[in-house]
Student: 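Sharing a structure, written as structure tokens. Questions coming.
Labels below follow one simple rule: chain letters A, B, ... track the order of the sequence lines, proteins then strands, and each chain is numbered from 1. Only this structure's heavy atoms are used, side chains among them; waters, hydrogens and symmetry mates stay out.
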Amino acid sequence: MEGLYAFCVGLLTACGIFLTLRGRSFSVVIGLTLLSYAVNLFLFASGRLKLNAAAVLGESEQYSDPLPQALVLTAIVIGFAMTAFAVILAMRARADLGNDHVDGNLPKLPSEVSNKSSGGNK
Amino acid sequence: MSSLIWLPFLPLLGTLVPLLSARYSRTACAFLTAALPALTLLLVLLHAGEIFQGERFQAALPWIPAIGLNLSFRLDGLALLFAILILGIGLLVILYARYYLSEKDSIGKFYAYLILFMFAMLGVVLSNNLIQIWFFWELTSISSFLLISFWGHKTEARKGARMALTVTGAGGLALLAGLLILGNTVDSFNLQDILDSGDFIKASANYPIIVVLILIGAFTKSAQFPFHFWLPNAMAAPTPVSAYLHSATMVKAGIFLMARFYPALADTNLWFLIVSLTGLATFLVGAYIAIFQHDLKGLLANSTISHLGLITLLLGMGTDLAAVAAIFHIINHATFKASLFMAAGIIDHESGSRDMRQLNGLWKYMPYTATLAMVASASMAGVPLLNGFLSKEMFFTETLHQASLGSLSWFIPVLATLGGVFAVAYSTRFIHDVFFNGEPINLPKTPHEPPRYMRVPVEILVALCLLVGIFPSLVVGDLLYAAASAALNTPAPEYSLAIWHGFNFPLLMSVVALVGGLYMYYNRTHLFKFQAQFPASDPKLVFESVVQYMTNKAKSIIAVTENGSLQRYIFFTLAFAVVMTASSLMKLNTTAGQRPEIPVDALSITCAVLLTISALATVLWHRRRLVALLTLSVVGLIVSLAFAQFSAPDLALTQLSVEVVTVILLILALFFLPQKTPKESSPRRVVRDLGLASLIGGVVGTISYALMTRPLDTISTFFTANSKTGGGGTNVVNVILVDFRGFDTLGEITVLGIAALGIYKLVARMKLFMPSSDDNGLAWSTDRHPILLAVISQSLLPLALLVSAYIFLRGHNLPGGGFIAGLITSVAIIQQYVAHGVEWIKTRIKLDYQIMIGSGIGIATLSGLGSWVFGHTFLTTWFDYFYLPLIGKFELASAMIFDLGVYLTVVGATMLILANLGQLTTSERPIQKEHD
């Protein structure tokens, strides 16, 4: 089971990173969301996986580690706030800059790039 | 000795006085400004008697004692000498500046800067802590910058101030590094500890680097060769500043530093070589350049450089007597040079020029000032019966005893005599060229004597030159002895301050210097012609071009590394992260640990497959944004299932409710963003990013696997054991949140509140792009509020609120709590917004979400503060069990109040974000066309 879990964490990380590296703000927000799933699962798993062992006293024979759970609980909520902030920032950037590219301007066409490099520094 | 703490801080208080009193007359302002420094001087002098007896005063206020940071001051002989110079000359300069500054200059601002400098300089000399010395040291650089640039409308003032700040600031950084290494080597930042462990420091391996760094600091400040060029350019400052900072006090800070650390760092070959050779070079270069200056202040500035070199040379000689001579010359130079600068200022003020080619024959116009200036000049040249003569004699004596250059040691007295010749030559020029030598040429105004009181400071200083020169041991004997003993950290050796030592070699050297200097000045036309052959090089231009070159270089480097593309930065950041983690992961021998794995069941496999498909689908379809959002929410659901599966019901509930809120948020946002992402990444970039992403995914997965298969050594047993008895709850996760780690939670809800308010601000001024149709050109549906949805939502609301109340109340003992309850409430309210629209809600639900956030954080904080009332530490919780008929036994805990704060903050923050975003569409906004 641990192997399967680790595979899922790795996959979510990879998908999240790939989308974070894209140029448009919405893809980056989606990527960050995927990445925060991965991070939460990863942190949670640092308390090790246990079945039927909720950390509620008297409910089970053994208890899972409550500390990572408490950390991840707040992380989920803060993660939502962060996603919200990022997406609103993306909206604002689009409204102010006229495009939704993370660099603030649309990438140059190949012809413009070659012009610039031949021009040299001012 | 608490009054010691006040010594530097009285002037600091005094910086306010001129600013407040500038509205009164200039004289009143000057007198009020002088009051606090005068009081400070009085306090210092009250200690003088005991310090002459060998006492040393210390006072400290602990700040962070654990790492040796205390506000700590000391008053010993050396500090006393400098404090008297700083305060005494400071008071004279205040009086002088009253007459020097014109009506146009803001005298309040000038005095405030001046007193700020006085505070900083006093801090340097009185500090008993290395870091503190450095702090005040930098403050002197900054106040010096403000004073040099006081006439900011002049280019040379701005440039000179920048140059002085750059040079001394860079030296200050070197000094900081040196002091930090020194403090760490000795393992104490207390000055006395440093002074007492001289042998240990000199034996340590760090010694060379400490010496070099500290000396760079001292040399830049005291304008030693090759850093001397900033001082003549600092002459753009008003003359009172030149007299005070750039001759008497600030430039002596480097000298002070060398004298202060003399017991700890001196007396080695390295020290001798660097300090004495630098001093010698500065002594000669400064004196030689001074001869050729046409600007009065330029001559004095270069002569100051030369005299600072002389003192440095003395400190580098390695004998105790040389150190005594150095300190004696500090006093003498301060008196004659400050008076000369003031005289130069008077000449400038009353004749309108500082150019010696114009200034001639002023004796006829201002005989009184001329006499004073001539006496001071004679002292500068080293004429007998004046104080300059005495210390110069001591200097010559010490040069004769030098053996440190081996068989080449005879160079030192010869070069010292040569420097003496130059000094006589420029002093003679100052006297003859200005006061005699024909008639003035084209002066802007007819020179005359200055106002009576403008001359007083000069008179006092010149009188001191004479008094010290004639009755040395009576006037400064005690002070010199105390200062020298403090500098050496042992009682000073025997020396004689007599004027007449008989016919001896040093006297011969003085005579040679006098005669040679006069001869040199007499033949100056040949010398000037000779000098004119060399191309003139202005250090200012060289400095500016170096700065320009470095700025251009830095710009070109930045242009390569920082091209403004965030997409590129994030790639490099991540690539660097993977290099760092992967390299340490390779040190782990096996991936799998000892811990047995849980067997895999069919349900888990199904979920994993679903998660894999939906995650990959999100990536594949990320350019079709709405679809990507749907697949993303599938991922989120499976993540919450995973939490449920692995014994984390709280997490599962939180994730589930956050998921709903997040998807609603993203759909709302998507309305304002393009519906589709254009395909613009080149295949190469896609492959590159895929490679990096897979690599990081692999690394993270490996770490996760390695972590999970290894046994756990947890601190949570404490929480599990004390949850019921200490926190009064059986749901350990909730007890950790509201009790054990309540302070963390308080921080987290504060962050949540700040994020929500930040979003509120971002939304408030947004210029929106409002699409009138979707990407396929279809108009939006006008059927905004389906009746079925509205009715069901409305009837669900009380139920949902009830559920959230239940979840909230049981949170302490069963899965639930403020976070989850808050999210459920939010979802319930959002449901109403979705079903009915903003206008409908506005008339029915009148909640101010900002106030909700504020009161939530406030309640949480107050519940923490409440424990103070009962004498407990912040956020200590209280709980007890009660019995009521009908209901039965129940528990009350103060943690529930805290959780209520969490609940309110979560609801407020979530709703503030979503409601504001949702409202954007309803307002009547002009449609702005996007320009692609």
Student: Could you tell me whether B:Arg741 atom CZ has more than 12 heavy atoms of other residues or ligands within 6.0 Å of it?
Tutor: no
Student: A:Phe26 vs B:Leu629, test: side chain to side chain contact (heavy atoms under 4.5 Å, CB included). Steps then yes/no.
Tutor: CA-CA 10 Å; A:Phe26 195 77; B:Leu629 212 50; 4.1 Å; yes
Student: What part of A:Tyr63 gets closer than 4.5 Å to chain B, counting heavy atoms only: side chain, backbone, both or neither?
Tutor: side chain
Student: With a 4.5 angstrom heavy-atom cut-off, could you sort out which part of A:Ser46 is near chain B: side chain, backbone, both or neither?
Tutor: both
Student: I'd like to know which of A:Val9, A:Asn52, A:Val28, A:Val77 tops the heavy-atom pair count under 4.5 Å against chain B.
Tutor: A:Val77
Student: Please give me the minimum heavy-atom distance between A:Phe44 and B:Ala648, naming the atom from each residue.
Tutor: CE1-CB, 3.5 Å
Student: Counting heavy-atom pairs closer than 4.5 Å to chain A, which one of B:Phe719, B:Phe571, B:Phe740, B:Phe643 comes out on top?
Tutor: B:Phe643
Student: Can you spot which of A:Met91, A:Arg94, A:Arg92 makes a side-chain contact (heavy atoms from CB on, under 4.5 Å) with B:Phe672?
Tutor: A:Met91
Student: What part of A:Ile76 gets within 4.5 angstrom of chain B, counting heavy atoms only: side chain, backbone, both, or neither?
Tutor: both
Student: Which heavy atom of A:Cys8 sits nearest a heavy atom of B:Ala608, and at what distance?
Tutor: SG-CB, 3.9 Å
Student: Less than 4.5 Å to any heavy atom of chain B: does that hold for the side chain of A:Leu89, its backbone, both, or neither?
Tutor: both
Student: Heavy-atom pairs under 4.5 Å with chain A - which of B:Ile570, B:Leu616, B:Thr591, B:Leu690 has more of them than the others?
Tutor: B:Leu690
Student: Name all residues meeting the side-chain hydrogen bond (donor to acceptor under 3.5 Å, both in side chains) criterion together with A:Thr74; count only those two or more places apart in sequence or in a different chain, and write none if there are none.
Tutor: B:Glu748
Student: Is chain B contacted by the side chain of A:Leu73, its backbone, both, or neither, given a heavy-atom distance below 4.5 Å?
Tutor: both
Student: Side chains of A:Arg24 and B:Pro678, heavy atoms from C-beta outward: is any pair under 4.5 Å?
Tutor: yes
Student: Side chain from CB out, backbone as N, CA, C, O: work out which of these in B:Leu712 comes under 4.5 Å of a heavy atom of chain A, or both, or neither.
Tutor: both
Student: Can you tell me which of B:Ile638, B:Leu762, B:Thr677 forms the most heavy-atom pairs within a distance under 4.5 Å of chain A?
Tutor: B:Leu762
Student: Please examine the side chains of A:Met1 and B:Asp601, heavy atoms only from C-beta on, and report whether any two atoms are closer than 4.5 Å.
Tutor: yes
Student: Which answer fits B:Ala669, side chain, backbone, both or neither, if we ask what part of it has an atom under 4.5 Å from a heavy atom of chain A?
Tutor: both
Student: So which part of B:Ile703 gets closer than 4.5 Å to some heavy atom of chain A, the side chain, the backbone, both or neither?
Tutor: both
Student: Looking at every heavy atom in both A:Leu11 and B:Ala615, which two are closest together, and how far apart are they?
Tutor: CD2-CB, 4.1 Å
Student: Relative to chain A, which segment of B:Leu707 carries a heavy atom at a distance below 4.5 Å: side chain, backbone, both, or neither?
Tutor: both
Student: If we define contacts as heavy-atom pairs under 4.5 Å, which of B:Leu823, B:Asp650, B:Leu692, B:Leu566 has the most with chain A?
Tutor: B:Leu566
Student: Looking only at heavy atoms, which two atoms of B:Val700 and A:Phe42 are closest? And how far apart?
Tutor: O-CE1, 3.9 Å
Student: List the residues meeting ring pair (Phe, Tyr, Trp, His ring centres under 6.0 Å) with B:Phe646, not counting sequence neighbours, and say none if there are none.
Tutor: A:Tyr5
Student: Using a cut-off of under 4.5 Å on heavy-atom pairs, state which of B:Pro815, B:Gly729, B:Ser716, B:Pro649 scores highest against chain A.
Tutor: B:Ser716
Student: What residue, out of B:Ala706, B:Ala592, B:Pro711, has the most heavy-atom pairs lying under 4.5 Å from chain A?
Tutor: B:Pro711
Student: Need one label for B:Leu574: side chain, backbone, both or neither, based on atoms under 4.5 Å from any heavy atom in chain A.
Tutor: side chain
Student: Less than 4.5 Å to any heavy atom of chain A: does that hold for the side chain of B:Tyr705, its backbone, both, or neither?
Tutor: both
Student: Given side chain to side chain contact (heavy atoms under 4.5 Å, CB included), test A:Leu57 with B:Ser723 step by step and report yes or no.
Tutor: CA-CA 8 Å; A:Leu57 300 182; B:Ser723 173; 4.1 Å; yes
Student: I'd like to know whether B:Asp689 forms a salt bridge (Lys or Arg N to Asp or Glu O under 4.0 Å) with A:Arg22, so could you lay out the CA-CA distance, the side-chain angles of the two residues, the decisive distance to 0.1 Å, and finally the verdict.
Tutor: CA-CA 9 Å; B:Asp689 290 353; A:Arg22 305 274 53 79; 2.9 Å; yes
Student: So which part of A:Leu51 gets closer than 4.5 Å to some heavy atom of chain B, the side chain, the backbone, both or neither?
Tutor: both
Student: Apply the test side chain to side chain contact (heavy atoms under 4.5 Å, CB included) to residues B:Thr714 and A:Leu67: give CA-CA distance (whole Å), side-chain angles for both, the deciding distance (0.1 Å), then the verdict.
Tutor: CA-CA 9 Å; B:Thr714 178; A:Leu67 191 60; 5.6 Å; no
Student: Give, as side chain, backbone, both or neither, the part of B:Arg595 having an atom under 4.5 angstrom from any heavy atom of chain A.
Tutor: side chain
Student: What part of B:Val686 gets closer than 4.5 Å to chain A, counting heavy atoms only: side chain, backbone, both or neither?
Tutor: both
Student: Examine whether an atom of A:Leu12 lies under 4.5 Å from a heavy atom of chain B, and if so say whether it belongs to the side chain, the backbone or both; otherwise answer neither.
Tutor: side chain
Student: Specify the closest pair of heavy atoms between B:His622 and A:Ser27, including all atoms of both residues, with the distance to one decimal.
Tutor: CD2-OG, 3.5 Å
Student: Passes side chain to side chain contact (heavy atoms under 4.5 Å, CB included), A:Val56 versus B:Asn813? Steps please.
Tutor: CA-CA 7 Å; A:Val56 179; B:Asn813 292 313; over 6 Å; no
Student: Restricting to non-hydrogen atoms, name the atom on A:Leu21 and the atom on B:Gln567 that form the minimum distance, rounded to 0.1 Å.
Tutor: O-NE2, 3.0 Å
